[in-house]
Amino acid sequence: MAKSKATSAFFCQNCGYESSKWMGQCPACHTWNSFVEERITKSQVSSSGSGKIKPAGNVKPVELKEISGQKEERFATGIEEFDRVLGGGIVPGSLTLVGGDPGIGKSTLLLQVCKRLAEADKEVLYISGEESLTQIKMRADRIGEFREHFKLLTEVNLGVISDVVRNAGPEIVVIDSIQTMYNEEVNAAPGSVSQVRESTSVLLQLAKVENIAILIVGHVTKEGTVAGPRVLEHMVDTVLYFEGDKQDIYRILRGVKNRFGSTNEIGVFEMGESGLAEVKNPSEFLISGKPEGASGSVVACTMEGTRPMLLEVQALVCDTNFQIPRRQATGCDFNRMNLLIAVIEKRMRMPLGREDAYVNFAGGMRIFEPATDLAVVMALVSSFRNKPVPDDMLVFGEVGLSGEVRGVSMAKQRVMEARKLGFKSCVVPFANARQLMDIQDITIHTVKNIMEAIALISD
Ligand code: TYD
Ligand code: MG
């Protein structure tokens, strides 16, 4: 039985936690002062807990064996960096959330995706609640010439949007952005947690019932999460984050959740005069600014999904002027850096206790793969001793607490990437030696512990 009930509740504006009372701190995400009262009007279906059980009627479970297992159809956009992150393209009937800081390029990316899909004769509808038609047209002009099959709508009322979508019957819909959308049945301001959640559930229905692929833009709060992220992330099929330094021209599209593919893949773009361009070889740009012959600079290799990426690890170690030495990590895990410093102190007997230490992964990437450990260790020691590591040397390996260097996955791909970019030697874990036996044109130094690795730079 459905009944309509108007109530109000308090929602944490950071994570969407719902409470009947106001609270100073959210018990779920521990943010202070984040609760706001929102009125909610929901039609509630009486649960089976009321004692009445709904008769099953004709509802029957299906034999798994009998479900035809056709391969999923996907709309490939032809933008490789985008398709790869999605696992091959947009799945019809799926709901995708594209999150990111304001101004990072979400609208630009989706406009370019729409352009490609329209060119592939897909019916595309772009709904904006943020910009006027002229503003969108101005952006579209920078990107290129649009042909037919691409329609625009400026609207924020979801009731109207649902009707238009049902009548127009597009295959792909973009909602820019979810924070501007408004569902009349919910008595809360656009952008509030309950409004965002209810709007998303309307879109979810629309996607599944009409079999339309819907892409939703979501702005990220200053804490780095989409407003009401938990509710949103659970509801949608795929969550992509578009990140990068706004001052920098490089942008990274990262899959955080994907019901139709892996979440390890990333896409790299470059923001230019005419929109976003794909960066097909990110290693090149990540190590492009590496100083020559400088101490404390080491090239490491990390895997992003199936893709090897070289990056420059920088360390600066200098005498401290403070009671407690300063330690700072940019792009890498702070605790991991401290642990590696402790390993160096203990195993190499190097007095780093009176030294400030800074570690930076150049290029604005955030990487937490242990395979970069050995490069961090070598960069720290190189800076401490003021002895450079050869510029054409690649270093990778996980470092354990006894100073041992442990094997990593996909060692061969990493070495091949280095060879492709003209590196002359690689320092690799001994455990990976066998996989690398047949690689030519590059010198492989296998090491069992950090002492052996350091020996390669200390003359
Ligand atoms: P936009 O897609 O509007 O960001 P979002 O939707 O995530 O808020 O991107 C805005 C920024 O991108 C803006 O600062 C201008 C820049 N830009 C370019 O540098 N080149 C271009 O061709 C376009 C379209 C935008
Ligand atoms: Mg935008």
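Counting from 1, the numbers follow the sequence of the chain as shown. All values below were derived from every heavy atom in this structure, side-chain atoms included, with hydrogens, water molecules and symmetry-related copies excluded. Counting starts at 1 for both ligands and their atoms, following the listed order.
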Checklist line | Residues Glu210 and Arg166 bridged, charged N to O under 4.0 Å | finding: yes
Check: Looking only at N/O atoms, are Pro102 and ligand 1 under 3.5 Å apart anywhere?
Finding: no
Notebook entry, point to check: When you check the gap from the basic side-chain N to the acidic O, do Glu369 and Arg414 get nearer than 4.0 Å?
Noted result: yes
Notebook entry, point to check: Between the main-chain N or O of Lys387 and the side-chain N or O of Ser382, is there a donor-acceptor pair closer than 3.5 Å?
Noted result: yes
Check: So how far is it from Phe10 CZ to Lys21 NZ, rounded to the nearest 0.5 Å?
Finding: 10.5 Å
Check: Is there a donor-acceptor pair closer than 3.5 Å between any side-chain N or O of Ser383 and the backbone N or O of Val317?
Finding: yes
Notebook entry, point to check: Are any side-chain N or O atoms of Asn258 and backbone N or O atoms of Leu86, one a donor and one an acceptor, separated by less than 3.5 Å?
Noted result: yes
Check: Out of Gly100, Gly103, Gly99, Gly275, whose heavy atom is nearest to atom 10 (C) of ligand 1?
Finding: Gly103
Notebook entry, point to check: Counting both backbone and side chain atoms, is some N or O of Gly105 under 3.5 Å from an N or O of ligand 1?
Noted result: yes
Item checked: Gly272 near ligand 1 by a heavy-atom separation under 4.0 Å -> yes
Note to self: Under 3.5 Å between any N/O of Lys106 and any N/O of ligand 1: does that happen in this structure?
What the structure shows: yes
Next item on the list: Could you tell me whether any N, O or S atom belonging to Thr108 is less than 2.8 Å from the Mg ion (ligand 2)?
Entry: no
Margin query: Taking 4.0 angstrom as the limit and counting only heavy atoms of Glu273, give me the atoms of ligand 1 inside it, by number and element.
Written below: 21 (C), 22 (O)
Check: Under 3.5 Å between some N or O of ligand 1 and some N or O of Thr108?
Finding: yes
Checklist line | Geometric class of the Phe269/Phe242 ring pair [parallel <30°, tilted 30-60°, perpendicular >60°] | finding: perpendicular
Check: For ligand 1, which atoms have a heavy atom of Ser274 less than 4.0 angstrom away?
Finding: 22 (O)
